[in-house]
2 protein chains.
Amino acid sequence: MNQKKITIHDISRVLGIDSSTVSRALNDSDRVTQKTKELILNKAKELGYQRNILASNLRTNKTQTIAIVLPRISRYFFATVIAGIEETAQEKGFNVVICQSLDSFEREKKIIHNLIANRVDGILISIAMETTNYEHLESFQSLGNPIVFFDRPCHLDNCVNITIDNYTASFKATEHLILKGCKHIAHFSGKQNIDLYKQRKEGYLGALQKYQIPIDENLIFESNLSEEDGVIMAKKMLENPEIDGLYSSNDTAAISAIQYLKTQGKKIPQDIAVVGFNNDPIAAIIEPSLTTVNQPGFEIGKIAANQLILQIENKTSQNNSLILNSELIIRDSSNR
Amino acid sequence: MNQKKITIHDISRVLGIDSSTVSRALNDSDRVTQKTKELILNKAKELGYQRNILASNLRTNKTQTIAIVLPRISRYFFATVIAGIEETAQEKGFNVVICQSLDSFEREKKIIHNLIANRVDGILISIAMETTNYEHLESFQSLGNPIVFFDRPCHLDNCVNITIDNYTASFKATEHLILKGCKHIAHFSGKQNIDLYKQRKEGYLGALQKYQIPIDENLIFESNLSEEDGVIMAKKMLENPEIDGLYSSNDTAAISAIQYLKTQGKKIPQDIAVVGFNNDPIAAIIEPSLTTVNQPGFEIGKIAANQLILQIENKTSQNNSLILNSELIIRDSSNR
DNA sequence: TTTAAAAATACAATCGATTGTATAAATAAA
DNA sequence: TTTATTTATACAATCGATTGTATTTTTAAA
């Protein structure tokens with residue numbers, strides 16, 4: 001039942017050719033003649049040979065595996081990024097392992113140490129909300145392995161950052177509300193140690209500035225942007241009856257806020273126009289449907305994986321940033 | 001920069017103790033005296049020793065890794081199952097790799113072959129919609145490795161199936177509609193090669209039978225239950241003006257159907273009451289909120305992982321089925 | 001035909017941990 | 001004290017592929 005595996009030594013013995021030559025033939029080395037190669041390849045196929053990846057990994061200290069580390073796989077945006085990464089990885093012959101940090105620093109640290117122990121060749125990461133210390137990532141780098149950051153940039157040396165134009169996207173989202181006549185626009189912001197939320201806030205501020213709307217710090221609410229946070233912030237918002245617009249740094253908080261606001265008798269978008277961020281599938285379904293920013297997740301994934309694999313294969317490290325464009329999708333929640 | 005790794009041989013050399021003893025000490029074997037163990041463990045810590053998992057894997061032909069294979073990680077139910085599996089796996093010291101079949105048989109086959117090549121110790125799988133042939137799974141089994149099926153059962157020999165009480169849940173869902181006064185209840189069903197959809201259909205039929213409602217095959221619509229399918233089936237439904245209830249085998253189709261029905265001027269639940277299945281987060285958010293069946297995904301994940309790891313560690317194989325209870329969550333879409 | 005150069009293949013060490021067997025040390029029994 | 005028995009440690013092979021070096025074979029040049 002439990003058939004024993006064929007090794008290069010079996011092929012070597014059967015053909016009377018040294019196992020080193022067999023190995024090289026199987027790896028298509030040019031140190032082996034075409035004729036011998038064919039001999040070996042045919043015999044390998046005939047015997048049903050399958051390379052023992054564990055042995056190969058040990059010898060080369062490589063695993064042909066890249067890891068994705070992100071807060072939560074169930075978020076739509078991340079799911080699209082994963083799809084993009086997997087497509088590219090498959091093309092290039094890399095395995096992918098997916099790890100969830102759940103936005104916890106401790107979990108992220110554990111994950112990275114585990115990835116080091118398992119000798120993954122590179123990491124694609126969107127860092128946890130809690131993360132402010134990067135030693136775990138540096139120790140991965142110090143082993144000569146590349147890291148590519150996506151979505152949430154990080155300014156470690158020798159890293160590639162793939163992000164979207166958060167500033168511009170936010171600017172346009174806010175501008176859109178202004179052009180719809182909103183005079184007092186609230187902003188739901190994320191933790192400011194995450195660059196991306198800082199940039200979104202700055203885009204919001206930039207738009208206000210351009211249209212000479214005074215900046216009111218009391219209109220800016222910072223949180224983790226969870227569902228619960230959305231309700232809490234919406235409550236606070238209502239204390240200021242002037243507010244007639246809301247730009248939220250994600251859809252989750254925007255949607256729970258809308259739901260709460262509706263229970264309080266507010267009309268969306270007539271009383272308060274709302275714009276979110278991410279284009280979660282739910283944004284198209286709720287009522288009113290949510291105006292939001294769509295990010296090219298699949299493309300981000302493809303580009304990030306490409307960059308990473310490039311670095312793995314060339315053993316180079318880079319220090320550049322790629323910024324992709326996003327688009328504002330206008331729906332009913334701001335349509336007035 | 002690129003610090004060279006400490007091996008058991010380094011420890012062996014420094015202490016003048018053979019590497020085999022070092023290895024045994026690190027594995028807490030009782031062939032090593034307590035005193036020597038401490039000596040070795042302390043030195044290991046001092047030198048910053050980390051076991052080379054690749055070498056260990058090669059020697060033992062084990063990887064302490066289990067794989068999850070499922071259609072799509074972004075589905076809420078699967079995401080909760082994954083969380084449960086990860087919790088258990090972490091407790092027991094196993095790594096987890098997650099793979100998406102996207103309901104494609106070809107992808108699933110490739111994934112399994114890859115998992116075999118990478119010597120994962122066991123597989124937790126919810127088979128792809130397209131899968132009707134199980135050779136790929138049998139070849140994993142024939143290597144002496146256990147498989148646990150969850151969500152979508154499969155009747156291979158020597159396998160554990162973890163599912164929910166699909167028949168009962170469907171029965172209750174349908175009964176609920178009947179008790180709300182629905183006389184002509186449509187059913188959105190999935191592909192019948194998937195046991196789970198067969199059982200859900202049977203539960204629907206069972207409830208009709210109990211209440212002596214004639215079964216009308218024209219009220220049963222079979223599809224992949226995608227968003228688009230939901231709209232297509234809703235259109236067909238409207239050809240029959242008698243229909244006053246809908247029980248859908250998933251929320252996705254139920255929700256897109258509701259949206260379409262609303263555009264056609266149908267009132268939910270007054271004209272047509274709707275019940276879904278899965279309790280996707282969106283079910284609580286749409287209007288009207290969707291009555292649906294909640295599955296204990298987290299628990300399913302924990303139990304499935306426990307079963308698998310048990311088999312891996314005891315090298316036993318089992319052939320039993322575990323059926324968990326689900327609950328009907330009643331919301332507005334059926335509240336009339 | 002002989003020699004030099006290039007090409008193909010063989011030899012042997014290696015990656016680092018594990019494990020069956022042999023030996024040495026410690027303890028108990030005679 | 002000597003022998004038998006148990007316990008602790010050392011020796012050495014092994015998992016299977018990879019790779020630098022050495023050797024043989026082939027081809028080309030003289």
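Per chain, numbering begins at 1; letters A, B, ... match sequence-line order. Only heavy atoms go into these numbers, but all of them, side chains included; no hydrogens, no water, no symmetry mates.
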Answer yes or no: side-chain N or O of A/R31 and base N or O of D/dT18 forming a donor-acceptor pair under 3.5 Å.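 No, the side chain and the base share no sub-3.5 Å donor-acceptor pair.
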
Results of side-chain contact (heavy atoms from CB on, under 4.5 Å) for B/S321 - residues two or more places apart only: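 side-chain contact (heavy atoms from CB on, under 4.5 Å) list for B/S321, sorted by chain: B/N161.
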
If you measure from CG on A/L308 to CZ on A/F94, what distance do you get to the nearest 0.5 Å?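 The CG atom of A/L308 sits 8.0 Å away from the CZ atom of A/F94.
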
Which distance, rounded to the nearest 0.5 Å, do you find between the NZ of A/K45 and the CD1 of A/I6?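 Between atom NZ of A/K45 and atom CD1 of A/I6 there are 15.5 Å.
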
Check the interface with nucleotides 12-15 of chain C: list each N/O to N/O pair with the protein under 3.5 Å, or write none.
| unit_1 | atom_1 | unit_2 | atom_2 | d |
| --- | --- | --- | --- | --- |
| C/dT14 | O2 | A/R59 | NH1 | 2.6 |

[N] [atom2] sits how many Å from [X] [atom1], rounded?
X	N	atom1	atom2	value
A/K37	C/dT9	NZ	P	10 Å
A/I8	C/dT9	CD1	P	16 Å
A/Q50	D/dA17	CD	P	11 Å
B/I17	D/dC11	CD1	P	12 Å
B/R13	C/dA17	CZ	P	12 Å
B/Q64	C/dT18	CD	P	11 Å
B/L39	D/dA8	CG	C1'	14 Å
B/Q34	D/dT7	CD	C1'	14 Å

Under 3.5 Å, side chain of [X] to main-chain N/O of [Y], donor-acceptor pair present?
X	Y	answer
A/T7	A/H9	yes
A/N193	A/E130	no
B/S12	B/I17	yes

CZ (A/F298) with more than 12 external heavy atoms under 6.0 Å: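 Yes, because the 6.0 Å sphere around CZ of A/F298 holds more than 12 heavy atoms from other groups.
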
Does a side chain donor of either A/D18 or A/S20 reach within less than 3.5 Å of an acceptor in the other side chain?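 Side chains of A/D18 and A/S20: pair found under 3.5 Å.
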
Can you name the one residue among A/Q141, A/H113, A/E108 that meets side chain to side chain donor-acceptor pair (under 3.5 Å) with A/H136?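 Only one option passes, and that is A/E108.
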
Let's see if you get this right: which residues in residues 21-29 of chain A place a heavy atom under 4.0 Å from DNA chain D?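 A/S23, A/R24, A/N27 - these, ordered by number, are the residues of the stretch whose heavy atoms sit under 4.0 Å from the strand.
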
